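A short worksheet on the structure shown next.
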Amino acid sequence: YMMYDELHLYVAFKCWDERDKIRATVAKRDNVFGEDNVRLWLDTYNDQRRAYVLGFNPLGIQADGIQTEGQGADFSVDIVMESKGVIEDWGWSVEAKIPFKSLRYKSGKGVLWGFNVARNIDRLNDEFNQWLPDDREVSGFLIKHGKITGLDEIKYERTLEVVPSVTLSETGERVSAREFAAGRFVNHPIKKQIGVTLKYTLTPSITLDAAINPDFAEIEADAPVVTANQRFPIFFQEKRPFFLEGVDIFRSPLQVFYSRRIIDPDFAVKLSGKSGKTSFGILAASDNAPGNYSENERTLNAQCLERQLVNPGIRCSRDEFLDKNSLYAVLRLKRDFGSENNIGFFGTYRTFPEEKNLLAGFDGRIKFTPKITSSFQVVGTTSKTCLFEPGFEEMLDPVQAASNRSICGTGLTSPDPLENGTFEKYRVGNGLAYYVNLDSDGETHGWFMEAGGRSRFYRADTGFTRQTNTNFAFFFNRFSTKSNAKKKIIRANWNQLGGVDYTWDGRLQGYNTQTGVNLSLQRQTYLGFEVGTSYQKIYEDEFGLKRSPTRQYGTFLGDPFRATRANFVSANFNQTPNKWLSYGFFAGTIRGAFDYFFFECVRDTVTGECIRSNPANPDSIIILQNPGPGNQVDANVFVELKPIDPLRVDVSYNKSRLSRSDNGIRSFDSDIVTVRSTYQFTRFLFTRFRLDYDGNADGTGQEKSFGGQILLGLTPSPGTAFYVGYNDNLSRNGLNPYNGQFEPGFARNSRTFFIRASYLFRKSF
């Protein structure tokens with residue numbers, strides 16, 4: 001049922017069911033999709049590109065997000081609305097009251113909104129019933145929705161939202177100290193941080209956001225991941241409310257904007273929205289994180305300056321960055337044309353002492369046929385910073401080399417490159433990146449192909465980049481059966497895929513082929529198998545210094561390139577047999593996986609002793625990287641328990657281990673255990689406990705790291721919240737970070753008590 005008045009949209013659902021079979025708990029916001037729920041989509045611009053998706057479980061717990069065509073739903077966005085639900089003998093019902101001022105929309109007489117509504121019955125193999133059917137022979141989701149009209153009397157209100165926040169925290173941490181070579185634990189004074197965020201709706205479709213000294217302390221920490229043997233950065237989702245407004249506008253295939261680059265802004269301002277067929281986003285921020293060194297880092301810098309008086313060759317690199325801010329500017333434009341096409345422009349700029357980066361480029365999405373779509377992006381970058389060039393110092397005279405090291409170096413300006421370690425040049429570097437895909441989606445057959453690359457000096461300082469100097473091409477093909485809810489195998493997919501990677505100068509980096517089967521079975525059971533083979537080749541200059549006719553040693557010990565052929569197989573299983581239990585596992589093995597970061601010293605061919613780069617310095621042993629293949633095993637097990645409605649417990653265990661084939665050494669052996677439990681006293685009052693265990697935090701196989709949090713929270717609505725919490729971090733049997741010595745037993749690294757409060761003031765004009 002639907003109705004509206006000048007200020008609100010009202011929606012009610014009535015769902016008939018057997019009371020004792022209904023799956024519903026007092027869950028936290030956005031955590032309702034593992035049980036019965038209803039959903040509606042509001043395409044408030046009727047552009048078939050984006051829509052609000054709002055969900056409710058039988059107890060009225062809310063889930064809200066943005067559905068973007070071609071990208072799926074993002075439930076990190078929260079809007080202010082009211083909802084209640086009740087379970088009756090005949091089934092359950094939900095009512096919701098959605099203020100128009102919480103939405104961005106196109107208004108006027110006769111205006112259409114895209115609309116769809118659905119019910120999700122969890123126990124019936126996640127059955128999903130929609131008002132309008134999902135024709136699987138047509139690519140896309142929002143294009144298949146219906147329309148609603150008659151919203152002619154909406155009263156437009158300019159709305160100002162002000163959310164002041166205050167955080168009180170007391171932190172203790174291990175620091176270095178001259179009189180304590182092993183470091184000591186220091187309790188810092190109570191720290192107070194006061195901030196404010198503002199939101200003003202200029203029109204129903206355009207919003208101005210600002211943040212002044214915001215407290216972006218993350219109440220929900222990122223889950224731990226396996227970091228051993230990782231060559232490239234790991235992506236984490238954005239969780240901060242300021243950056244989530246208009247988040248869909250700032251997305252693009254190459255991820256040229258990654259808001260978590262802005263860590264601790266003094267201020268930030270953003271204008272975003274849509275006018276006619278043009279979507280836009282403008283963002284500016286000043287981030288003090290790069291120059292906001294801790295007291296411990298400031299102490300180390302002061303000690304460095306004292307040594308610099310005796311030895312001018314020492315460079316105290318922190319001094320010139322101390323208390324300096326990095327500045328960010330982002331411009332995003334996107335223009336719709338046709339029924340489902342768009343083209344856009346992205347421009348970003350970041351500056352910091354000795355670092356400047358400018359990026360600009362175009363992207364778009366085109367639908368050629370009902371089944372086939374394509375997305376693309378091409379961008380160029382120009383940067384002035386220290387860029388790694390393995391051989392450039394050979395072309396410089398000693399005076400030029402020393403001058404360059406004074407900018408890019410981190411230690412003594414020694415003529416010995418192995419001791420100096422400085423092979424970067426402060427200069428301008430230009431880069432290029434591109435991406436294009438072609439996607440065909442059908443019920444029983446689909447395929448996908450993509451290609452992309454980033455040049456050596458491509459840099460997106462406001463974005464997320466995993467690897468440069470690489471190109472890739474990838475192809476995926478799928479055959480599927482039609483879904484039949486009454487059969488033992490409800491649906492089966494057979495996938496085949498393959499790809500190739502190579503550098504910008506044409507060197508092969510690898511290729512792979514793979515096939516797999518995924519089965520959907522009764523009792524919400526999912527089973528998958530995959531098998532494949534790959535070839536990978538790595539080069540010395542991808543990791544650091546490259547040897548040359550005048551330089552005996554580079555980064556690798558032995559050959560300047562390595563290659564391995566790997567065979568892999570994996571299986572996964574997930575099942576939710578009832579409302580109280582969900583569990584699953586993954587297991588896989590790779591024979592021939594690369595171990596990237598094994599190090600060995602260079603040994604004399606006669607004596608077998610480690611060679612020293614500087615005979616006058618007894619500690620200057622030449623240590624080089626020695627990658628090689630090995631056998632890797634990965635496994636994951638998870639269990640989710642809901643023994644009573646208010647309590648939810650999640651436990652997961654991740655195992656990753658690699659043993660070298662050439663010497664039998666176990667390169668890494670990582671065990672990660674994560675425990676999360678939440679008890680919801682009411683819809684808005686909860687307590688949460690978190691424990692993270694990392695069994696190989698330093699890669700030695702000895703150190704164990706423990707992290708935990710206890711939190712009490714009250715969250716009656718988005719923007720209004722109160723938290724009291726305690727965070728702790730300890731290690732056991734690890735290496736002391738200040739003297740490198742083995743440290744038996746437990747050692748506390750840091751701990752924090754905090755109280756955080758914020759309140760949403762909302763005024764309409």
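Everything numeric here is computed off the predicted structure, so don't read it as measured data. Sequence positions, counted from 1, serve as the residue numbers for this chain.
- With respect to Asp441, the salt bridge (charged side-chain N to carboxylate O under 4.0 Å, His left out) criterion is satisfied by exactly one of Arg478, Lys371, Arg136, Lys367: Arg478.
- Shown here for Thr348 and Val330, the closest heavy-atom pair between the two residues is CG2-CG1, 4.1 Å.
- By the 30° and 60° cut-offs, the orientation of the rings of Phe597 relative to Phe543 is perpendicular.
- Side-chain N or O atoms of Gln496 include none that pairs as donor or acceptor with a backbone N or O of Phe476 at under 3.5 Å.
- In this structure, the separation between OG on Ser374 and CD1 on Ile366 is 6.5 Å, given to the nearest 0.5 Å.
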Steps toward salt bridge (charged side-chain N to carboxylate O under 4.0 Å, His left out) verdict (Arg261, Asp461): CA-CA 8 Å; Arg261 293 286 185 201; Asp461 287 358; over 6 Å; no
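- In this structure, the side chain of Thr525 engages the main chain of Gln522 through a donor-acceptor pair within 3.5 Å.
- Contact record, Asp30 with Ala63: OD1-CA, 3.1 Å, taken as the closest heavy-atom pair.
- Figure legend: cation-pi geometry between Arg50 and Tyr45 absent, as NZ or CZ is not positioned both under 6.0 Å from the six-membered ring centre and within 45° of its axis.
- No cation-pi contact links Arg562 to Tyr596, judged by a cut-off of 6.0 Å to the six-membered ring centre and 45° from its axis.
- By the 30° and 60° cut-offs, the orientation of the rings of Tyr434 relative to Trp504 is perpendicular.
- No side-chain N or O of Asp439 forms a donor-acceptor pair with one of Thr373 less than 3.5 Å apart.
- The aromatic rings of Phe56 and Phe13 are tilted relative to each other, their planes meeting at an angle between 30° and 60°.
- The residue from Trp113, Phe115, Phe141, Tyr52 that alone fulfils the ring pair (Phe, Tyr, Trp, His ring centres under 6.0 Å) condition with Trp41 is Phe141.
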